[in-house]
Asker: 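Okay, here's the structure, questions in a sec.
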There are 2 protein chains.
Amino acid sequence: MQSRTPAGRTGRPRSAAADTAILAATRAALVELGWSKLTLGDVATRAGVAKTTIYRRWAGKNELVVDAVAELFDELELPDSGTLAADIEGVVLQFAAILARPEARSGLMSVVAESIRDDALRERIRASIVQRQKRLVLEGRCRAERRGELPPEPNAEEAARTVDLIFDIVAGAVVHRTLVSAEPVDAEWARSFTQVLLLGLAGTADDARAAQAPRGPRT
Amino acid sequence: MQSRTPAGRTGRPRSAAADTAILAATRAALVELGWSKLTLGDVATRAGVAKTTIYRRWAGKNELVVDAVAELFDELELPDSGTLAADIEGVVLQFAAILARPEARSGLMSVVAESIRDDALRERIRASIVQRQKRLVLEGRCRAERRGELPPEPNAEEAARTVDLIFDIVAGAVVHRTLVSAEPVDAEWARSFTQVLLLGLAGTADDARAAQAPRGPRT
DNA sequence: GCCATTACGCTACGACTCGTAGCGAAAGCT
DNA sequence: AGCTTTCGCTACGAGTCGTAGCGTAATGGC
């Protein structure tokens, strides 16, 4: 978050209710208007606060939208499905479910676009969204190694690069499929994607499917 | 493009020079100002045309930027490098080189974000950028099958799905790496990515590298 | 060569948003 | 109490938007 009441200070504390109301109003405005037509005056009206109150807490539209969108991604979890393939599919489908919500779609892409010319904004996005969700990749890899599905990586630096690579592939593919190709990320797509990610293009032949863990019902 | 002079009409034809001047001015403005601070009045001044001339040809900022950015992607080519891996690396590096240009970065992401709430705009992007570049995937796969690096896909519908999947993975990963993670797509990253794409995560162990075509100098 | 037609540059306009400033009132802490 | 900070409200200049109207320039048809 950005607006903790300065701890040891005196005076009237900032209303926490206003914070949540503003962020919720921002998401609602994103749904109805999209990023470009969203105005801070409109958000203020929806939230039932004065426009000046928003400007006292956030530097501008970009920072506000980042905070409003970041909250959406905290609900991501990595269910232990028993196999690496099922774990990946689960996360992909969860991620896709979030991106299916219009407030996430229009908000996320727009602030990323703005961050290209604003280093502080990019760092804010990295800290509050991207870096936080890499935990999923880390945990998934850790489980897979314990199960023997992936060879352990002794080199720490190399391991970090691999985590970044996987994150870019997974997040990038889901985002591209959802927002650019505008096609749904359904169970079938998630299965095909996972197959390529695990076995490579050469492994997408039909006979290769059996080589992976037998994919029964999700028990 | 969008503004061909209506062929059989009478009257003064539209200046083709103005078209190119406007698109070039748009890219220049994207570099200096980014998308959100780009104004059509400014573009008009840079291009040496009247603001009303731009409004006569494009419906608004979004459509103009799409056309200005689309031209950048037409220079993509698929060099025949001899192996599928080298072909993929080549395209990845070319794509990354385009995304390294600031006019592509800020422009592309912003219009994609806007397209979420504008179906006509999304279709314009699909037609003038996405669909056009899928030729690269098609040709790469075709070559790989001729070389025997990939099994031929008899089912046409399944093949189309695979092309879409690969395109989402490649383009998504490069875009995410470049614009979200804000890390460079260099030769090393391209190599690692290609390895995962071809062999899967399980194939990233060191000994697996020799299993693929021996990667000598790019001969 | 003349005329109808269309594009162009220019100016001006109302409507809207931006971000800030100033005010009195409210809500805490000591 | 008294002090401090936040809050809601109003008002403001600056800037952008998209459009309309004008006179002029460049074509094709006759």
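Below, chain A is the first sequence line, B the second, and so on; all start at residue 1.
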Asker: Strictly below 4.0 Å, heavy-atom distances to any atom of DNA chain C: list the hits from residues 110-123 of chain B, or just say none.
Answerer: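 Within residues 110-123 of chain B, no residue comes under 4.0 Å of DNA chain C.
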Asker: Quick one: salt bridge (charged side-chain N to carboxylate O under 4.0 Å, His left out) partners of A/R56, sequence neighbours excluded?
Answerer: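 Expected list: none.
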Asker: Return the polar atom pairs (N/O with N/O) between nucleotides 26-30 of chain C and the protein under 3.5 Å, or none.
Answerer:
{"unit_1": "C/dA26", "atom_1": "N3", "unit_2": "A/R12", "atom_2": "NH1", "d": "3.1"}
{"unit_1": "C/dA27", "atom_1": "O4'", "unit_2": "A/R12", "atom_2": "NE", "d": "3.4"}

Asker: Check whether any side-chain N or O of B/R143 sits under 3.5 Å from a backbone N or O of B/G140 as a donor-acceptor pair, and report yes or no.
Answerer: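 The answer is no, because no donor-acceptor pair under 3.5 Å joins these two groups.
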Asker: Please answer whether the main-chain N or O of B/E32 pairs with a side-chain N or O of A/R117 as donor and acceptor at a distance below 3.5 Å.
Answerer: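 Judged by distance alone, yes, a pair lies under 3.5 Å.
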Asker: Any side-chain donor paired with an acceptor under 3.5 Å for B/S36 and A/E114?
Answerer: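 The answer is yes; a qualifying pair exists.
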Asker: Under 3.5 Å, side-chain donor or acceptor atoms of residues 182-189 of chain A against the rest of the protein: list the pairs with distances, not counting sequence neighbours.
Answerer:
{"unit_1": "A/D186", "atom_1": "OD1", "unit_2": "A/E188", "atom_2": "N", "d": "3.4"}
{"unit_1": "A/D186", "atom_1": "OD1", "unit_2": "A/W189", "atom_2": "N", "d": "2.9"}
{"unit_1": "A/E188", "atom_1": "OE2", "unit_2": "B/R161", "atom_2": "NE", "d": "3.4"}

Asker: B/W35 vs A/W35 aromatic rings, parallel, tilted or perpendicular, using cut-offs 30° and 60°?
Answerer: tilted
Asker: When you measure from the side chain of A/R27 to the backbone N and O of A/A68, does any donor-acceptor pair fall under 3.5 Å?
Answerer: yes
Asker: CD of A/E75: more than 12 outside heavy atoms within 6.0 angstrom?
Answerer: yes
Asker: Using nucleotides 17-22 of chain D, report all nitrogen or oxygen pairs with the protein that are shorter than 3.5 Å.
Answerer:
{"unit_1": "D/dG18", "atom_1": "OP2", "unit_2": "B/Y55", "atom_2": "OH", "d": "2.6"}
{"unit_1": "D/dG18", "atom_1": "N7", "unit_2": "B/K51", "atom_2": "NZ", "d": "3.2"}
{"unit_1": "D/dG18", "atom_1": "O6", "unit_2": "B/K51", "atom_2": "NZ", "d": "3.1"}

Asker: Is the backbone N or O of A/I98 less than 3.5 Å from a side-chain atom of A/R101, with the two atoms forming a donor-acceptor pair by type?
Answerer: no
Asker: Round to the nearest Å and state the distance from B/R14 atom CZ to C/dG9 atom P.
Answerer: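 Answer to the nearest Å: 12 Å.
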Asker: B/S115 side chain to B/D118 main-chain N or O, any donor-acceptor pair under 3.5 Å?
Answerer: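 Not a single qualifying donor-acceptor pair exists.
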Asker: A/R57 CZ to D/dG8 P: how many Å, rounded?
Answerer: 8 Å
Asker: In whole angstroms, how far is the C1' atom of D/dT16 from the CG atom of B/L33?
Answerer: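 Those two atoms, CG and C1', are 13 Å apart.
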Asker: With the threshold set at 4.0 Å, does a side-chain nitrogen-carboxylate oxygen contact exist between B/R14 and B/D19?
Answerer: no
Asker: Would you say A/Q133's side chain and A/L76's backbone share a donor-acceptor pair under 3.5 angstrom?
Answerer: no
Asker: With no hydrogens and no angle check, is any side-chain donor or acceptor of B/S81 less than 3.5 Å from a backbone partner on B/P79?
Answerer: yes
Asker: Kindly calculate the angle separating the two end axes of the helix from C/dG1-D/dC30 to C/dT30-D/dA1, each obtained from five base pairs, and round it to 10 degrees.
Answerer: 30°
Asker: To the nearest Å, how far apart are B/I22 CD1 and C/dG9 C1'?
Answerer: 12 Å
